[in-house]
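All values below were derived from every heavy atom in this structure, side-chain atoms included, with hydrogens, water molecules and symmetry-related copies excluded.
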Amino acid sequence: MQIDLNIYFLIIGMAWVTAWSRSFFLILGEHVKVPDWALEAIRFAPLAAMVAILAPEIFLPANASSVAQFNLRLPNIWGGVAAIIAFYLTRKMLITLIVGMGVFTAARFWL
């Protein structure tokens, strides 16, 4: 099996970019001062990542290729909204899971 030389260059380039971007602040050390507003914004990165992952799963069908395929008859929407409300009211994960899955299951049969 022969691999093209371009693939080796591609792998080496991706490794270099990954290593450089992840060690940027370690390499520069104290020479770069990150503004306080940037540090404050970084706190919200996990929340933004969760929303980006969960929103399509909740609001779109499994094989959706467009937002135009949004449908209120999806049980995902009702289970997700019920779970969000349950967590907001109780702040307990077990209750959130039970309520979300219960509403999801009921919506699967009724819708």
Tracing side-chain contacts under 4.5 Å among Ile, Leu, Val, Met, Phe, Trp and Tyr outward from Phe44 reaches none
When you measure from the side chain of Thr18 to the backbone of Ala15, do you find a donor-acceptor pair of N or O atoms at a distance under 3.5 Å? no
Could you work out, with side chain to side chain contact (heavy atoms under 4.5 Å, CB included) as the rule, every residue matching Ile12, not counting sequence neighbours? none
For Arg43, what residues pass the salt bridge (Lys or Arg N to Asp or Glu O under 4.0 Å) criterion, not counting sequence neighbours? Glu40
When the side chains of residues 88-100 are checked against the rest of the protein, which donor-acceptor pairs come out under 3.5 Å, sequence neighbours left out?
residue	atom	partner	partner atom	Å
Thr90	OG1	Ala86	O	2.7
Thr90	OG1	Lys92	N	3.3
Thr96	OG1	Lys92	O	2.8

Among residues at least two apart in sequence or on other chains, which ones pass side chain to side chain contact (heavy atoms under 4.5 Å, CB included) with Val17? none
Could you work out, with side chain to side chain contact (heavy atoms under 4.5 Å, CB included) as the rule, every residue matching Ala38, not counting sequence neighbours? Val34, Pro35
Check residues 48-77 and write down every donor-acceptor pair under 3.5 Å in which the side-chain atom is one partner and the other belongs to a residue at least two apart or another chain.
residue	atom	partner	partner atom	Å
Ser66	OG	Ala68	N	3.1
Gln69	OE1	Ser65	N	3.0
Asn71	OD1	Arg73	N	3.1
Asn76	ND2	Glu57	O	3.1

List the residues meeting side chain to side chain donor-acceptor pair (under 3.5 Å) with Asn6, not counting sequence neighbours, and say none if there are none. Asp4
Could you give the side-chain donor-acceptor pairs of residues 102-110 under 3.5 Å, partners two or more places apart or in another chain?
residue	atom	partner	partner atom	Å
Thr105	OG1	Met101	O	2.8

